[in-house]
Amino acid sequence: MTEEKSLNFIEEIIEKDLAEGTTGGRVQTRFPPEPNGYLHIGHAKSICLNFGLAKKYNGQCNLRFDDTNPSTEETEYVESIKEDVKWLGFQWANELYASNYFDQLYAFATQLIQKGLAYVDDSTSEEIAATKGSTFEPGKNSPYRDRNVDENLRLFEEMKDGKYKDGEKVLRAKVDMAHPNLLLRDPVIYRIKHAHHHRTGDKWCIYPMYDFAHGQSDSIEKITHSICTLEFIHHRPLYDWFIEQLEIYPSHQYEFARLNMTYTVMSKRKLLQLVNEGQVTGWNDPRMPTISGMRRRGYTADAIRQFCETIGVAKRENMIDVGLLEFCVRESLNKSANRVMAVLDPVKLVLTNYPEGQTEELELDNNPEDPNGGTRIVPFSREMWIEREDFMENPAKKFFRLGPGLMVRLKGAYIIKCDDFKKDENGNITEIHCSYLPESKSGNDTSGINVKGTIHWVSVPHAKVAEVRLYDRLFKVEDPSSEEGDFKEYINPNSVEVLSTVYIEPALANTKPGDRFQFLRKGYFATDLDSTSEKLVFNKTVGLKDTWAKEAKKG
RNA sequence: AGUUCCAUGGUGUAAUGGUAGCACAACUGAUUUUGGUUCAGUUAGUCUUGGUUCGAAUCCAGGUGGAACUACCA
């Protein structure tokens with residue numbers, strides 16, 4: 001039985017449009033980032049939506065850079081955005097820029113002036129704000145509102161020709177200064193900016209505002225469904241007004257609720273602050289909710305896509321538990337990541353009855369979830385590194401690991417029994433002595449003994465050293481943006497912990513940045529960009545579910 | 001205050017006038033050479049008041065609560 005997946009509200013609109021033929025049977029979407037920052041997981045939601053819809057309905061999705069503000073936009077951002085979209089697994093039909101349309105947009109503005117629907121205003125930005133009115137008070141007409149068409153045409157051309165300084169004049173649409181929607185109170189549609197543009201260079205010194213660029217760009221590209229986030233809902237009447245006055249292709253805008261996630265922030269302005277103020281190491285810091293940060297941390301594109309699918313699309317404000325993202329990445333990595341052994345917090349274990357100098361090569365499965373995952377060789381010897389937390393001097397009840405007299409299995413090797421241990425003057429365990437059961441070897445265990453615990457290990461003489469970076473949430477509170485004061489006061493001071501001496505099995509010696517593993521019993525880890533063959537560096541992507549930690553916490 | 005949008009378990013999201021379901025989280029138990037995975041199960045929800053209707057989460061009206069808007073940013 002194939003259960004029918006229910007449609008989200010945008011899919012319903014599209015299916016209705018398709019059924020009624022309102023868009024001529026076409027679905028054309030676009031993903032319209034402004035190149036003034038790196039993409040984050042919230043953008044991923046929009047990307048999956050826009051590209052996903054195009055794919056589902058045999059349409060196309062454009063990548064369009066909304067580059068109408070030269071003072072904040074840079075080529076570096078354009079490149080990172082393209083890389084991130086591709087990495088997420090999507091291919092755009094056309095790579096476009098709002099700046100491609102500057103000539104057309106200028107012509108549109110001229111048309112509006114000719115229709116008596118736009119005028120050049122000499123007011124300062126403060127004056128315009130002051131006469132805007134408020135939610136309970138209508139605005140006042142500008143003294144320049146009734147300039148005649150010819151004068152407006154001349155002045156606008158002079159603006160374009162660089163006759164005026166920044167801020168000296170603007171072009172405004174003539175709508176209604178008493179409109180209840182503040183955005184329709186004669187919005188500014190062109191402003192003067194003597195700034196170098198990353199694409200058009202110094203060709204222009206006037207630039208269209210968002211409202212005078214976005215809808216028209218959609219229309220030029222014959223976008224059928226222009227999907228954006230809720231905060232643009234008030235812009236829709238303006239979007240429609242320009243299209244109607246200009247008599248151009250009627251694209252339509254639909255709004256959905258943006259993604260919010262616990263323990264992070266999702267505004268480019270705030271993320272930029274973290275970068276600029278050195279709170280993180282860069283846009284791709286593994287603690288950042290950016291696509292590049294998550295990629296570096298070890299997230300798979302597949303996990304992010306699955307996450308976006310799972311959270312759904314609706315119009316109500318939401319706050320997604322970051323735990324859901326972690327679930328998606330575990331689910332993805334559980335299937336794909338090879339298992340290896342790494343000891344993060346080492347303590348030495350000596351097998352007192354194992355011959356000195358002897359070495360065995362054990363063959364272990366790479367991935368029990370993947371029948372075709374293959375095997376690898378892991379060396380075994382008399383001395384082992386094991387995890388400090390896998391030994392308790394006075395074992396708690398239900399502690400199925402090592403302690404005086406207790407038995408465990410060394411993963412893929414032998415069952416061992418703890419006979420003795422050594423402590424230093426501070427009471428720290430320095431060495432654990434065990435005897436192994438030769439007849440309990442993995443694969444042909446004839447000992448007849450069943451132990452409840454299995455622990456991971458790395459042979460001391462064969463171990464490689466690596467640096468491991470452990471990450472915790474970037475913020476201490478669920479919603480830093482809604483707290484009192486500056487959001488940066490809520491940064492988690494312990495969001496990263498660097499372990500400089502982690503012992504890993506030799507099979508990891510040739511790992512390359514981007515490789516992903518499960519460190520057995522610890523979590524998923526990815527080889528960092530900083531990793532070299534001389535110095536291996538791993539990032540913790542996410543831990544395994546740890547029901548023992550939960551049990552231990554209960555006391 | 002005005003306008004617009006929204007309201008379903010702890011968190012998300014379905015049910016489109018006809019049995020309130022799914023995922024995550026939480027909690028039991030089984031399996032397990034990862035205290036992982038897998039499997040079985042449990043807890044828990046329609047903001048409120050009226051109306052329409054044989055029947056309302058759904059339609060209507062009023063309340064309540066939340067969000068957004070008052071940049072020469074997008």
Side-chain angles (χ1 to χ4, degrees), chain A residues 3 5-8 12 32-34 36 66-69 71-73 98 121 123-125 128-129 132-139 166-172 179-183 185 187-193 206-207 209-211 213-214 228 230-237 255 257 262 268-269 309-321 323-328 330-331 334-335 339 341 364-365 368-369 398-401 408-413 415 440 442-443 445 450-456 518-523 543-552:
Chain A
E3 55 192 86
K5 178 104 170 55
S6 58
L7 303 178
N8 65 49
E12 282 181 12
E34 184 190 10
N36 68 344
D66 230 331
D67 56 349
T68 57
N69 184 0
S71 34
T72 56
E73 295 153 5
D121 195 334
S123 308
T124 64
S125 131
I128 290 177
K132 196 106 192 174
S134 63
T135 51
F136 51 92
E137 200 183 13
D166 287 10
E168 211 174 321
K169 284 180 168 36
V170 291
L171 184 69
R172 288 228 255 172
H179 201 285
N181 180 341
L182 290 290
L183 289 167
R185 318 245 262 225
V188 172
I189 59 177
Y190 258 95
R191 77 292 213 185
I192 301 170
K193 264 180 192 281
I206 58 171
Y207 293 93
M209 298 289 290
Y210 167 84
D211 285 308
H214 202 102
C228 62
L230 244 34
E231 64 271 26
F232 289 98
I233 198 163
H234 306 280
H235 294 250
R236 188 171 39 175
E255 310 86 11
T262 54
K268 273 197 272 184
R269 204 194 91 247
E309 181 68 27
T310 305
I311 58 177
V313 177
K315 297 185 80 158
R316 92 184 80 146
E317 297 286 333
N318 58 79
M319 176 64 77
I320 308 284
D321 189 336
L324 182 61
L325 215 208
E326 294 174 346
F327 167 81
C328 291
R330 282 193 198 102
E331 189 181 45
N334 178 48
K335 285 180 281 194
R339 274 62 171 167
M341 295 196 283
L364 269 70
D365 282 338
E369 303 297 316
K398 289 204 262 181
F399 183 76
F400 308 137
R401 305 180 192 177
V408 292
R409 175 176 293 281
L410 292 177
K411 173 70 185 179
I415 292 175
S440 68
S442 262
D445 182 351
N450 263 320
V451 289
K452 291 201 92 164
T454 299
I455 64 173
H456 60 281
Q518 183 192 114
F519 286 1
L520 215 69
R521 300 208 304 137
K522 300 308 291 183
L544 255 25
K545 250 175 52 180
D546 190 348
T547 47
W548 165 246
K550 209 180 279 177
E551 180 71 28

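Here is how names work: the chains are called A, B, and so on, in the same order as the sequence lines, proteins then strands, and each is numbered from 1. Just so it is clear, the values below take in all heavy atoms, side chains as well, and ignore hydrogens, waters and symmetry mates. Source: prediction; values computed, not measured.
Put simply, A:Arg401 has no side-chain N or O that comes within less than 4.0 Å of OP1 or OP2 on B:G35. Between A:Arg191 and B:C73 there is a side-chain N or O to OP1 or OP2 distance below 4.0 Å. Residue A:Arg521 places no side-chain N or O under 4.0 Å from the OP1 or OP2 atom of B:U37. OP1 or OP2 of B:A74 sits under 4.0 Å from a side-chain N or O of A:Thr68.
Side-chain atoms of A:Asn181 come within 3.5 Å of backbone N or O of A:His234 as a donor-acceptor pair. For the pair A:Arg339 (side chain) and A:Gln518 (backbone), a donor-acceptor distance under 3.5 Å is absent. Looking at A:Arg521, its side chain never comes within 3.5 Å of a backbone N or O of A:Leu544 through a donor-acceptor pair.
Taking atom P on both nucleotides, B:G29 is separated from B:C6 by 45 Å, rounded to a whole Å. Separation of the C1' atoms belonging to B:G9 and B:C47 is 14 Å when rounded to the nearest angstrom. Rounded to a whole angstrom, the distance from the P atom of B:U37 to that of B:A26 is 11 Å. Straight-line distance between the P atoms of B:G66 and B:U11: roughly 15 Å, to the nearest whole Å. As rounded to the nearest Å, B:A68 and B:A25 have C1' atoms that lie 30 Å from one another. Only the P atoms considered, B:A61 is 35 Å distant from B:A44, to the nearest whole Å. The gap from the P atom of B:C59 to that of B:A14 amounts to 15 Å, rounded to the nearest Å. The same atom, C1', is picked in B:U32 and in B:U13; the two are 33 Å apart, to the nearest Å.
A:Val170 comes within 4.0 angstrom of a nucleotide base, judged by non-hydrogen atoms across all strands. A:Arg185 comes within contact range of no nucleotide atom at all, as no heavy-atom separation falls under 4.0 Å. Across all strands shown, A:Asn181 has no heavy atoms under 4.0 Å from either base or sugar-phosphate atoms. Residue contacts for A:Glu34: at a heavy-atom cut-off of 4.0 Å it reaches the sugar-phosphate backbone alone, with no base atom in range.
For A:Thr68 against A:Ala213, the heavy-atom pair with the smallest separation is CG2-CB, 3.6 Å.
Proximity note for A:Gln518 (side chain, C-beta onward) versus B:C73, B:U70, B:U34: the nearest is B:U34. The side chain of A:Ile128 approaches B:C72 more closely than any other nucleotide in the set B:C72, B:C6, B:G2. Listed candidates were B:G12, B:C69, B:U34. Nearest to the side chain of A:Thr135 is B:C69. Out of B:U13, B:A68, B:G36, the shortest distance to the side chain of A:Leu544 is found at B:G36. Listed candidates were B:A7, B:A74, B:U34. Nearest to the side chain of A:Arg316 is B:A7. Listed candidates were B:G35, B:U70, B:A15. Nearest to the side chain of A:Ser6 is B:A15. Among B:G2, B:C73, B:A7, the nucleotide with an atom closest to any side-chain atom of A:Pro180 is B:G2.
Checking A:Asn450, A:Asp445, A:Thr454 one by one against A:Arg409, the side-chain hydrogen bond (donor to acceptor under 3.5 Å, both in side chains) holds for a single residue, A:Asp445.
Ring-to-base geometry does not place A:Phe136 in a stacked arrangement with B:A1 (centre distance under 5.5 Å, plane angle under 30° required).
On a pure distance criterion of 3.5 Å, no polar donor-acceptor pair joins the side chain of A:Glu369 and the base of B:U38. Side-chain atoms of A:Arg409 come within donor-acceptor range of the base of B:U33, with a qualifying N/O pair under 3.5 Å. At a cut-off of 3.5 angstrom, counting only N and O atoms as typed in the model, there is no donor on one side facing an acceptor on the other between the side-chain of A:Glu317 and the base of B:G12.
Distance NZ (A:Lys132) to P (B:U3): 19 Å, rounded to an integer number of Å. Here B:C69 presents its P atom at 8 Å from CD of A:Glu231, a figure rounded to the nearest Å. Residue A:His235 contributes atom NE2, which lies 19 Å from atom P of B:U3 at whole-angstrom precision. Taking atom CD1 of A:Ile311 as the reference point, atom C1' of B:U11 lies 12 Å away to the nearest angstrom. One atom, CE of A:Met341, and another, P of B:G36, lie 18 Å apart when rounded to the nearest Å. Look at CG on A:Asn8: it is 17 Å from P on B:G12, rounded to the nearest Å. Remark: C1' of B:G2 and CG of A:Leu183 are 14 Å apart, rounded to the nearest angstrom.
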Which nucleotides of nucleotides 17-32 of chain B have their base under 4.0 Å from a protein heavy atom (B), which only their sugar-phosphate (S), and which neither (-), written as one string 5' to 3'? -------S-SSS----

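Between A:Val313 and A:Phe232, the residue anchored closer to the 5' end of RNA chain B is A:Val313, taking for each the nucleotide with the nearest heavy atom. Comparing A:Asp546 and A:Lys169 by the nucleotide of RNA chain B whose heavy atom lies nearest to each, the residue mapping closer to the 5' end is A:Asp546.
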5'-to-3' dot-bracket of RNA chain B (Watson-Crick, G-U; under 3.5 angstrom; crossing pairs as [ ]; | other strand): .((((((..((((....[..)))).(((((.......)))))....(((((..]....))))))))))).....

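Ring-plane geometry between A:Tyr210 and A:His235 is classed as perpendicular, the angle between the planes exceeding 60 degrees on a 0 to 90 degree scale with a lower cut at 30.
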